[in-house]
Amino acid sequence: MPTIAEPVIRVRDLVNRFAGQIVHDGLAMDVSAREIFGVVGGSGTGKSVLLRTILGLQTPTAGRVELYGREVGALSRAERAEIVQRVGVTFQNGALIGSLTVAENVQLPLREYRRLRPAALDEQSRLCLAMVGLPNGAADKYPSQLSGGMVKRAALARALALEPTLLCLDEPTAGLDPISAAGFDELLLYLHSQLDLTVVMITHDLDTLFRTCSRIGVILDGRMSSGTLEQVAEDPHPWIQAYFHGPRARATRRGSDG
Amino acid sequence: MPSSLALEGGGDEWRLRIAGDWSARALAEAQALLGDLPQSIAGTLTCDWSAAESPGIGPAWALLARIDAIGGGRLRIQHVAPPRHVAFLDALRRRTPVDSPSDDARSPGALGALGRWVLSRGAEMREFAALVGRIVTVLARAVRQPRSWRLPSLTRHVYETGVTAIPIVCLIAFLISVIVAYLGSQQLRLFGAEIFVVDLIAIAVLREMGVLLTSIVVAGRSGSAFAAEIGAMRLNEEIDALRAMDMDPIELLVVPRILALVISLPALTVIADATGLLGGGLLAHYQAHISWPQFADRLRAAIAPTTFWAGLIKAPVFAVLIAVVGTYRGMRVRESPRELGRQTTIAVVQSIFLVILADAVFAVLFVRLGF
């Protein structure tokens, strides 16, 4: 029995360097269970690299990354297969497999990790699509036939297929119109409240940030400063001031306050 | 604890005890247990979740679906100590209707499939004709306006399709003519006519093999590259961007590639002819012991003035076929990256087929003309 609540993600002293360029320089990050953690930073500050490092898709130059208390780099094959089932991921452009229908995309992880009969597979993919609010008709479509918003939802459905406890979302609302983006925010909040999810998301969308995130972390100069929105917004760093008190942020806040 | 499912009661009162591992990982087991539930349940069904360990969403969904399938709307269902998401799933089930198979899933039948095939072929032919027409228009304009020749692009494609192909074309021409000369000299030795291996090589290489092998190599190398490059540009909306700036993609992308191939394929053919003769000559020298002066004499006697040109004249025609098919296939890429791979494959297969078909036509034509 765990006595202390282990953080879901713990990153310490992370260093990532590419071709002489330092992206992360001693970055630390903690995400505890059931929070929605937003990762913010300018272009090229290594937000996606951070996510890829956490998922073990990329080996860091130095540092320690733990998922559920276990170091990601030191997992055996069996452990990795175990952890993977607890983490759902969506990528920036959906990353749906183009040669499979939406339903088959959702069934892909189920086929790999559960032995189910075809009827049961259909039933489960229907569940996932219903959870993300995709209509039945979308199941037999190919990703190229879907709109941007539907692709994001289908990607989320695939990420939810194995019932993960951690969701990692890379720019889930980028490229969506404000109404679809707001719909996605609501969906995320709803699923979060229903399914005991921990969510880490990279986002540039101030609306999403203000609406959904319980804590945020800003990557600045290779390090992360994190806290609640109010705490972070008080940081005197010029980038943070520009980000949270710039014209767009003011407009967004006015909107969400009123 | 392993997952288990116990059904008690009878008549109008039933109780379902859900116990053990009902997590997402035990989905397959849960499905199997649910499949064993009898159809006879009626009246009130109480689902007791109190002994279920960390029940997952998938198994709960499967349970609700199974109960629905058994009782339809007639069953009254109560939950005891349900996990929080049961209410969520229940709401979800009520919101999304049980799906009916969509109408367009109907199979069109053999006649319908034939009809669709004919229509799609017709559309393809029309598009191809349109492309050829636009190419001709651009070429006609280029004659009047030297600016639209796009020289930088043309030289780049001549380099990529021609210069970089020299090693592989040489190697293949050399090896094939060595093989032909070797097999030929073996047969001719039976008649004591080994000297005629020179005639064999000269005519085979100059008339047919030089140009044909080069065309097939170029179709594989450059025809596929044309399709893939233009297809990728289409997927990335680069073609639309050009159109939006009122720049003609045919003039910018298609015509330079065709012209480049019309220049580089004949050049490659000449090189292939030379290495082919060299390869055959080397084999004749070392295997059939024909001295170099003898070889030169025989070569001069074997080839008519037209032999070399009969091969070379085909090269520009093949070049146009390969380039037009490659660029056309690239322009046809739509929507998905999967299409890119498919069209590239079609480009190579079709251009090789057309090259061989055209070669056959030339063969008949040359015989008729006494060329």
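These numbers come from a predicted model, not from an experiment. Chain identifiers are assigned alphabetically (A, B, ...) following the order of the sequence lines, protein sequences preceding nucleic acid strands; residue numbering begins at 1 within each chain. Below, all heavy atoms of this structure are taken into account, side chains as well, without hydrogens, waters or symmetry copies.
Here the closest heavy-atom approach between residue B/Trp61 and residue A/Glu123 is recorded as NE1-O, 3.0 Å. Between A/Gln124 and B/Ala62 the shortest heavy-atom distance is NE2-CB, 4.2 Å.
Heavy atoms of other residues, nucleotides or ligands lying less than 6.0 angstrom from CD of B/Glu237 number 12 at most. Atom CZ of A/Arg77 has 12 or fewer heavy atoms from other residues, nucleotides or ligands within 6.0 Å. Annotation: B/Arg334, atom CZ; neighbour count of heavy atoms from other residues, nucleotides and ligands within 6.0 Å is above 12. Annotation: B/Arg156, atom CZ; neighbour count of heavy atoms from other residues, nucleotides and ligands within 6.0 Å is above 12. For B/Phe353, the CZ atom is loosely surrounded, since the number of other residues' heavy atoms within 6.0 Å does not exceed 12.
Note that the CD1 atom of B/Ile57 and the CG atom of A/Leu195 stand 4.0 Å from one another [nearest 0.5 Å]. Rounding to the nearest 0.5 Å gives a distance of 9.5 Å between CG of A/Leu127 and CZ of B/Arg93.
Only the backbone of A/Ser193 comes within contact range of chain B, with heavy atoms under 4.5 Å apart. Contacts of A/Tyr113 with chain B are absent, with no heavy-atom separation under 4.5 Å from either backbone or side chain. For A/Leu162, the part lying near chain B is the backbone, with the side chain staying farther off; criterion is any non-hydrogen pair under 4.5 Å.
Residues satisfying the side chain to side chain contact (heavy atoms under 4.5 Å, CB included) test with A/Leu75, not counting sequence neighbours, are A/Arg70, A/Glu79, A/Arg80, A/Ile83.
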Residues 24-42 of chain B side chain polar contacts: donor-acceptor under 3.5 Å, at least two apart:
from: B/Arg25; atom 1: NH1; to: A/Glu82; atom 2: OE2; distance (Å): 2.9

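At least one side-chain heavy atom of A/Glu163 sits less than 4.5 Å from a side-chain heavy atom of B/Pro59.
Between the side chain of B/Arg338 and the backbone N or O of A/Ile97, no donor-acceptor pair lies under 3.5 Å.
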